[in-house]
Amino acid sequence: MAKVYGVAGEWARMRGTVFGLWPLFAGLFLMGLSVGLIASDASNGILVGGVGFVLSSIWCVITLIKGLRHVERYFKGARGEEHVAGILKVLPDDYHVFNDFVARGKHIDHVIAGPAGVFAIETKFWHGRVTLEEGHILVDGRLPSRPPIPQVLKEADALKRHLSDLGWTGPVTPVLVFASDTFEAKVAEAKGVVIINSDYIKTAFSTGRAVLQPVELDRLVRLMENG
């Protein structure tokens, strides 16, 4: 079993809750102000407070519906991260899995350090037919609103720079994993990014290839633990 650090999906859940529900909290705050105006007994205050209460109530209902949808999207992503983390933790003993690793302000879903090298993993839990065409990821034949290949390249670069700041210089391999196993090619590479379905993770790391020797790997892991 690999040594595991951090909690998979924690950042996604927190970010989804905050970004999804802050408009609702703003509406509740305005509703409270409206109640205060109504209770002031001033004629203008009662009128303004009444209108404000109605408008803020409508706002709260609308933002609650939209917010819950937003939260569900992030929570679905968190479930995908948990699924991938469950697979990663059964890697051999000489592998280290860092869930939700922060590098230069970027939250990377998973970082693997092991004999085969260092890997920055971005997890997607997408449904629909996922294909690779001319270097682009498509979902049901359409470009997603946020292309994942540039995203994981930026995360890998941030990780490489972060590790360099800590005193370790070496390559970082960007990996895009589909937790829903909907990637048609199952395994591919584009623009330096390894793209795989989650059910191919064990196969991908069972090559026996040794890039990092035990002494260097131990030094790297200590830097990551303390950095």
Side-chain angles (χ1 to χ4, degrees), residues 1-13 15 74-126 130 132 137 139 144 146-164 166 168 170-183 185-207 209 211-212 217 220-221 223-225 227:
M1 298 280 285
K3 188 171 182 181
V4 178
Y5 310 78
V7 180
E10 186 175 44
W11 170 246
R13 286 192 171 88
R15 185 181 182 188
Y74 274 88
F75 273 52
K76 185 177 76 171
R79 290 193 293 272
E81 292 179 34
E82 289 172 340
H83 173 70
V84 170
I87 297 173
L88 293 175
K89 75 177 182 181
V90 299
L91 290 174
D93 296 344
D94 46 2
Y95 278 87
H96 300 259
V97 179
F98 294 82
N99 295 310
D100 191 22
F101 189 82
V102 182
R104 291 201 163 198
K106 291 187 179 295
H107 286 256
I108 304 172
D109 293 342
H110 318 280
V111 173
I112 298 176
V118 179
F119 303 83
I121 297 179
E122 171 65 25
T123 297
K124 297 298 182 187
F125 195 24
W126 292 352
V130 180
L132 176 66
I137 292 292
V139 183
R146 188 182 182 189
I149 290 179
Q151 179 186 358
V152 68
L153 283 171
K154 289 179 182 178
E155 291 173 354
D157 182 66
L159 176 60
K160 185 176 181 179
R161 291 172 179 269
H162 175 75
L163 297 179
S164 179
L166 295 178
W168 184 86
V172 174
T173 302
V175 181
L176 176 61
V177 175
F178 287 97
S180 51
D181 298 325
T182 52
F183 181 47
K186 302 186 185 301
V187 180
E189 184 175 345
K191 301 179 181 179
V193 178
V194 177
I195 308 166
I196 60 175
N197 283 329
S198 64
D199 58 1
Y200 271 71
I201 290 176
K202 295 177 184 177
T203 303
F205 289 95
S206 63
T207 61
R209 181 172 64 114
V211 174
L212 294 178
L217 177 59
L220 170 61
V221 170
L223 290 172
M224 295 175 71
E225 286 180 307

Heavy-atom side-chain contact between [X] and [Y] under 4.5 Å:
X    : Y    : value
V90  : M1   : yes
P115 : V211 : no
F125 : H83  : no
W126 : P148 : yes
L176 : I137 : yes
I196 : I121 : no

Set out, in order, the CA-CA distance, both residues' side-chain angles and the distance that settles side chain to side chain contact (heavy atoms under 4.5 Å, CB included) for L132 and I149, then state yes or no. CA-CA 10 Å; L132 176 66; I149 290 179; 4.3 Å; yes
Can you name the one residue among [options] that meets side chain to side chain contact (heavy atoms under 4.5 Å, CB included) with [X]?
X    : options                : answer
I112 : V175, T173, L88        : L88
F101 : M224, E155, H107, H110 : M224
F98  : L159, V221, D109, V4   : V221
L163 : V111, L223, V118       : V118

Pairwise distance CG(L212) to CG(L217) - rounded to 0.5 angstrom: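 The distance works out to 6.0 Å.
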Chi angles and distances behind the side chain to side chain contact (heavy atoms under 4.5 Å, CB included) call for V7, D100: CA-CA 7 Å; V7 180; D100 191 22; over 6 Å; no
Would you name the heavy atoms of [X] and [Y] that are closest together and state the gap between them?
X    : Y    : answer
A8   : A85  : CB-CB, 3.6 Å
A179 : V84  : CB-CG2, 4.0 Å
L153 : P174 : CD2-CG, 4.0 Å
H162 : A103 : CB-CB, 3.7 Å
A113 : L220 : CB-CD2, 4.2 Å
S198 : I87  : O-CD1, 3.5 Å

Within the side chain of D93, is there an N or O that forms a donor-acceptor pair under 3.5 Å with the backbone of A2?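 Not confirmed, D93 side chain does not pair with A2 backbone.
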Give the table of side-chain donor-acceptor pairs shorter than 3.5 Å for residues 185-194, with sequence neighbours excluded, one pair per line with atom names and distance.
none

Quick check on R161: does its CZ atom have over 12 non-hydrogen neighbours (other residues, nucleotides or ligands) under 6.0 Å away?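 No, because the 6.0 Å sphere around CZ of R161 holds 12 heavy atoms or fewer from other groups.
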Check this for me: Y200, atom OH, are more than 12 non-hydrogen atoms of other residues, nucleotides or ligands nearer than 6.0 Å?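 Incorrect, the count does not exceed 12.
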Return the set of residues passing ring pair (Phe, Tyr, Trp, His ring centres under 6.0 Å) with F183 (not counting sequence neighbours), or none when no residue passes.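 Here the qualifying residues are F178.
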Between Q151 and K106, a side-chain donor and acceptor under 3.5 Å: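 The criterion, which ignores hydrogens and geometry beyond distance, is not satisfied for K106 and Q151.
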Begin from the C-alpha positions of E122 and K124 and carry the test side chain to side chain contact (heavy atoms under 4.5 Å, CB included) through to its verdict. CA-CA 7 Å; E122 171 65 25; K124 297 298 182 187; 3.2 Å; yes
